[in-house]
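Some notes on the structure that comes next.
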Amino acid sequence: MSSNKEVAKLFDQMAAGLEILGANRFRVNAYNRASRVIEDLTEDVRAVVEQDLPTAVKRLTAFDGIGKGMAEKVVEVIETGEMTELKELLQKVPAGVFELLEIPGIGPKAAKAMWEELGIASVEDLKATSDEDLAKVPRMGKKTVANIRKAIAFNEESGDRVPIGLAKPLAIEIREELAQLDGVRQVEYAGSLRRGRETIGDLDFLVACDDSALARDHFVSMPRVTQVLAKGETKSSVRVKAGAVVMQVDLRIVPEAVYGAALMYFTGSKEHNVRLRELAIKQGKRLNEYGLFSGTEERPQDSGAEPLAARTEQEIYADLGLPWVAPELREDRGELERGEKPLIQVSDIRAELHAHTTASDGRLSIEELAREAAGRGFHTIAVTDHSKSQPIANGLTEDRLKRHIEAIREADEAVPEIKILAGSEVDILSDGSLDYDDELLAQLDIVVASPHAALRQDPATATERLLKAIRHPLVHIIGHPTGRIVNRREGLAPDLKALIEAALESDTALEVNANWNRLDLRDTHLRAAVDAGVKIAINTDAHDSRHFDFISYGVQTARRAGMEPESCINTWDADRLHGWLRSKR
DNA sequence: GCCGTTTTCGGCCCGACTGTTTTCAGTCG
């Protein structure tokens, strides 16, 4: 685990503990914010601190949300491995009580009450407590107890946030179902799915319709619904199960006149919304899910006030003096200051530079792969089968690769509508050397070098390994640089700053692997690379024709990094792209 | 605890729904 994530976790725990103890909510919020900022840092926080200890606090406070107090705690954690204040807090609140907060419906007040009244100090304790005893806790009646039982079961069944590649198909299905209802004028999914996050916690739907009762009743009785959590005038909430995917789904029904305001509110992120609302206050306005209003009166919508803007997102941003902000950027990472620079979109992609055939572990022949790519309007497809150290993926020996190159040249003749490049996804071995010798690599049009094994290396070794590959003069692209698998494998945690500098110097591109299991580089790392001016490749790593559709996940990740089309070599025209590839030969 | 186109003090986003209340606290997003 990267040290950023470890440090962030401690601040997160501080926030939870303080909340249980009933601390000032703004203080709690400050810890939450610090945790988020630290987790999002592209620099390794340990490196920042150790670079020069005396000035560490000062440099840390340069990050928004990190003040002197937080900075000193970061330094303490890096130096000693502990946070005194957290240790003291854990004396007061048993670690197991924190687990209770993971259960939907249980907040800090309930956790504290159960612990103080009944000594419940873990989810196991809670499960072992009888309904009768639980109901003795203040403000806890029969219904609350029953909801807690269901929530525990839900948590055990659903586990992690759901990868976007599993959540999106389900969301599209539900959207279609809602769209078919009589009187539904607009329907869209919002939330983290619309923002294109790599994992999705729950699905959020927004509907504008003539008959809200019909939409709501249909929603809570959809076939996949296993439990109804809430059913109100404008807001309903259910749990659904679709195969292995178990998710909460929220529906919000609004008048069409305020659809834009509601869509903004429901898309989030929460932090982005807070920023906008603060900005509105500074301008003497008030923003909520019913619109942007002049004046700072509470609930202006109740007194019949006409909003300045509400129908579309565009007019609300415009009234605040901002260009429309793409959902992918709405994470409070500086998007309000970004201006109107273009963002990359799927239609900009004109080449696939990382794909497999039946020669290794793909399902398409060279020609089938080429025709699929041509059918998608691409000018170039690179055939990059696995190298010999991947026997499990039927990696090619030197002799097989030589014959494969010949076969690719022949296919290139046979399919004139697209340029087929002979390439390889060559393994970066654990010491940073490559799986083929230079003489063979030089015969290839394109080399994608990727780590596949030894993915638990320590950060320093991993950094050296990847630097060696980046600096190799015959390598064009580093494929899925960390080797992480979303929710399943952390992968390597190299010093991103060092990789970025090396990639710039040696003119090597870094990949965003668009397979939703990978999304590697991830959004925050990608942002640092893009800001530094590194060339980026967005590739689907296709093993089958339908894998080409993964491109939308990669592009969305790139949009979250604020990437303009120019940064991405897959958007270049054929001459420019082929020219750059030849510059490494 | 953080932060500053008036500020080093005094703010800090806003609303819906549920359940246990009898006017609202807790939780969520």
Side-chain angles (χ1 to χ4, degrees), chain A residues 11 14-15 18-20 22-37 60-74 85 100-114 135 137-148 150-151 190-192 195 200-206 216 220 228-238 248-254 258 261-262 264-283 285-293 296-302 330 332:
Chain A
F11 282 85
M14 272 300 298
L18 289 170
E19 219 179 351
I20 291 170
N24 176 302
R25 65 194 171 100
F26 300 111
R27 192 169 161 225
V28 172
N29 196 30
Y31 278 96
N32 274 324
R33 179 145 186 238
S35 171
R36 190 171 64 91
V37 168
L60 286 169
T61 54
F63 298 113
D64 222 21
I66 307 288
K68 188 156 169 285
M70 298 293 185
E72 283 170 350
K73 288 189 176 65
V74 171
E85 206 169 332
L100 302 175
L101 299 177
E102 304 290 317
I103 299 166
I106 296 184
K109 294 291 195 303
K112 188 183 186 204
M114 290 191 288
V137 177
R139 296 194 57 83
M140 204 159 285
K142 272 197 161 148
K143 282 195 170 175
T144 307
V145 170
N147 283 340
I148 287 174
K150 284 181 191 163
S192 53
R195 301 202 309 280
I200 311 299
D202 51 30
L203 299 177
D204 304 304
F205 286 89
L206 186 67
R216 180 187 61 205
V220 299
V228 179
L229 297 167
K231 188 179 169 189
E233 271 307 299
T234 62
K235 195 171 162 182
S236 298
S237 200
V238 299
Q248 181 173 324
V249 186
D250 297 333
L251 173 72
R252 182 99 176 203
I253 301 167
V254 300
V258 304
M264 276 173 70
Y265 158 73
F266 230 22
T267 298
S269 67
K270 191 169 184 274
E271 291 79 10
H272 174 82
N273 288 344
V274 168
R275 282 277 176 219
L276 288 181
R277 288 168 179 188
E278 286 172 351
L279 180 63
I281 290 169
K282 279 184 195 154
Q283 297 179 6
K285 300 167 188 169
R286 192 178 180 94
L287 177 64
N288 61 29
E289 56 263 51
Y290 298 99
L292 179 65
F293 298 86
T296 51
E297 177 199 356
E298 276 186 32
R299 303 187 61 89
Q301 66 275 14
D302 290 349
R330 300 180 194 174
D332 186 26

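Heavy atoms only: backbone and side chains are in, while hydrogens, waters and symmetry mates are out. Below, chain A is the first sequence line, B the second, and so on; all start at residue 1.
OP1 or OP2 of dG15(B) sits under 4.0 Å from a side-chain N or O of R286(A). Proximity of N273(A) to the phosphate of dC13(B): no side-chain N or O atom is located under 4.0 Å from OP1 or OP2. Under 4.0 angstrom from either OP1 or OP2 of dG15(B) there lies at least one side-chain N or O belonging to Q301(A). In this model, the phosphate group of dC28(B) is not approached by any side-chain N or O of Y265(A) to a distance below 4.0 Å at OP1 or OP2. Within the 4.0 Å cut-off from OP1 or OP2 of dG1(B), at least one side-chain nitrogen or oxygen of R27(A) is found.
E85(A) pairs by the side chain to side chain contact (heavy atoms under 4.5 Å, CB included) definition with M14(A), R27(A), Y31(A), K73(A), not counting sequence neighbours. For R286(A), the salt bridge (Lys or Arg N to Asp or Glu O under 4.0 Å) criterion is met by no residue, not counting sequence neighbours. Take E297(A) and apply the salt bridge (Lys or Arg N to Asp or Glu O under 4.0 Å) test, not counting sequence neighbours, and it matches no residue. Applying the salt bridge (Lys or Arg N to Asp or Glu O under 4.0 Å) rule to K150(A) yields no partners; only residues at least two apart in sequence or on another chain are considered.
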Protein-nucleotides 19-25 of chain B N/O pairs under 3.5 Å:
from	atom 1	to	atom 2	distance (Å)
dG19(B)	OP1	N147(A)	ND2	3.2
dG19(B)	O3'	T144(A)	OG1	2.9
dG19(B)	N2	R139(A)	NH2	2.9
dT20(B)	OP1	G141(A)	N	2.4
dT20(B)	OP1	G141(A)	O	3.2
dT20(B)	OP1	K142(A)	N	3.4
dT20(B)	OP1	T144(A)	OG1	3.1
dA25(B)	N3	R139(A)	NH2	3.4

Within the sub-3.5 Å range, which N or O atoms of nucleotides 3-12 of chain B have a protein N or O partner, and how far apart are they?
from	atom 1	to	atom 2	distance (Å)
dC3(B)	OP1	G65(A)	N	2.7

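Across all strands shown, A110(A) has heavy atoms under 4.0 Å from sugar-phosphate atoms exclusively, and none from any base.
Of the listed nucleotides (dG15(B), dG1(B), dT27(B)), dG1(B) has the atom at the smallest distance from the side chain of K73(A).
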